[in-house]
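What follows is one structure encoded as structure tokens, with my remarks underneath.
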Amino acid sequence: RKEVEQDPGPFNVPEGATVAFNCTYSNSASQSFFWYRQDCRKEPKLLMSVYSSGNEDGRFTAQLNRASQYISLLIRDSKLSDSATYLCVVNNLNTDKLIFGTGTRLQVFP
Amino acid sequence: GAVVSQHPSWVICKSGTSVKIECRSLDFQATTMFWYRQFPKQSLMLMATSNEGSKATYEQGVEKDKFLINHASLTLSTLTVTSAHPEDSSFYICSARDHYEQYFGPGTRLTVT
């Protein structure tokens, strides 16, 4: 079983739609959680950290459920520029290394 | 935010040759740098962790004699792919960490013919 699992998608949504991605992690020692965005043939870029209390940054909302070991990302009012792959990333407390999911691909169409 | 550069951004080489990739933290000192590899439609896989002035720590399954890592200073780490084969063709991404966050370089696309 992969340490971080995501639905690879693709999610094809129209502009203005709300879309949600989920991610599960298997290692309970995971301490920090992130969503990264990766455009085709580019490096991943930090979108937002995920906190237990949930956090919001503009149209993006991230939630963490430690009991169920899943993380979510909600994107409201999707823009064409949101088209990318969204990577769920966890930091293992024991190894202090980032573990990446395979990513969920989002395609927003006009 | 902090900037990490990689050079070259892409390289094509013949099978059997060696390729060196440089990773630099431009505006901060990085005691720890990471090297990742990403195959198409797959996740980033950590290859090794390098600390300045000491030997790199390789992940299971990564050949240390094939992927030579040198972290000579707080701002420079290099990855040398020795005796490259077509299956080594991939996207290699370095990352550098300061006290707060891990920053990624733009990646190097290696194609071995």
Side-chain angles (χ1 to χ4, degrees), chain A residues 1-11 21-27 30-51 55 57 62 71 73 83-107, chain B residues 1-11 21-26 30-51 56-62 79 89-111:
Chain A
R1 184 186 173 189
K2 292 179 182 175
E3 194 163 341
V4 179
E5 296 215 51
Q6 294 181 253
D7 180 345
F11 285 61
F21 306 137
N22 290 327
C23 162
T24 57
Y25 61 96
S26 60
N27 193 334
S30 300
Q31 190 68 13
S32 305
F33 309 89
F34 312 90
W35 283 102
Y36 277 75
R37 171 193 168 127
Q38 186 175 26
D39 292 288
C40 188
R41 295 177 175 265
K42 300 284 186 181
E43 78 276 23
K45 294 187 177 178
L46 180 64
L47 180 65
M48 58 197 305
S49 301
V50 188
Y51 305 113
N55 48 302
D57 183 1
I71 308 151
L73 176 68
S83 298
T85 297
Y86 291 83
L87 304 170
C88 176
V89 184
V90 306
N91 189 4
N92 185 298
L93 178 64
N94 294 333
T95 64
D96 198 22
K97 295 173 184 174
L98 295 182
I99 307 298
F100 287 79
T102 52
T104 298
R105 188 164 161 238
L106 171 66
Q107 184 68 48
Chain B
V3 177
V4 176
S5 71
Q6 266 184 259
H7 178 79
S9 55
W10 60 270
V11 57
I21 303 170
E22 289 189 352
C23 175
R24 294 181 185 271
S25 57
L26 296 185
T31 53
T32 304
M33 287 187 172
F34 305 87
W35 287 96
Y36 295 84
R37 181 167 55 179
Q38 187 178 32
F39 293 107
K41 298 189 178 181
Q42 295 188 24
S43 62
L44 273 74
M45 296 301 295
L46 181 64
M47 299 176 67
T49 303
S50 78
N51 292 293
T57 302
Y58 290 81
E59 295 299 299
Q60 192 172 11
V62 178
L79 167 68
S89 299
S90 188
F91 191 43
Y92 291 85
I93 305 173
C94 76
S95 178
R97 187 165 66 190
D98 66 8
H99 297 295
Y100 309 104
E101 195 175 323
Q102 196 168 319
Y103 304 93
F104 289 84
T108 297
R109 192 159 298 280
L110 170 64
T111 301

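Just the heavy atoms: all of them, side chains too, but no hydrogens, waters or symmetry mates, feed the values below. Reminder, nothing fancy here: chain letters follow the sequence lines and each chain counts from 1.
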Cut-off 4.5 Å, heavy atoms of chain B, and the answer for A/Q6 is neither

Could you tell me whether the side chain of A/Y25 reaches within less than 4.5 Å of the side chain of A/I99, counting heavy atoms only? no

Hits for salt bridge (Lys or Arg N to Asp or Glu O under 4.0 Å) against B/R24, two or more places apart or cross-chain, chain-then-number order -> B/E22

Just by modelled atom types, is the B/G107 backbone N or O under 3.5 Å from a matching donor or acceptor in the B/Q6 side chain? yes

Okay, A/K97 and chain B: the region with an atom under 4.5 Å from a heavy atom over there is side chain

If one checks every heavy atom of B/F91 against chain A at 4.5 Å, the contacting part turns out to be side chain

When the 4.5 angstrom heavy-atom criterion is applied to B/Q38 and chain A, the contacting part is side chain

Applying a strict 4.5 Å limit to non-hydrogen atoms, the region of B/L44 in contact with chain A is both

Side chain of B/S95, backbone of B/Y103: donor and acceptor closer than 3.5 Å? yes

Most contact-rich option vs chain B, by heavy-atom pairs under 4.5 angstrom, among A/V89, A/L46, A/V4, A/L98, is A/L98

The interface call for A/R41 against chain B, heavy-atom contacts under 4.5 Å, is both

Whatever's closer than 4.5 Å to a heavy atom in chain B on A/D96 counts as both

Query raised in the report: Does A/T104 use its side chain to pair, donor to acceptor, with the backbone of A/D7 at less than 3.5 Å?
Result: yes

| said: Test your reading of the model: is there a side-chain donor-acceptor pair from A/N27 to the backbone of A/E3, 3.5 Å cut-off? | reply: no

d(B/I93 CD1, B/L46 CG) to nearest 0.5 Å is 11.5 Å

If one checks every heavy atom of A/F34 against chain B at 4.5 Å, the contacting part turns out to be neither

If one checks every heavy atom of B/S9 against chain A at 4.5 Å, the contacting part turns out to be neither

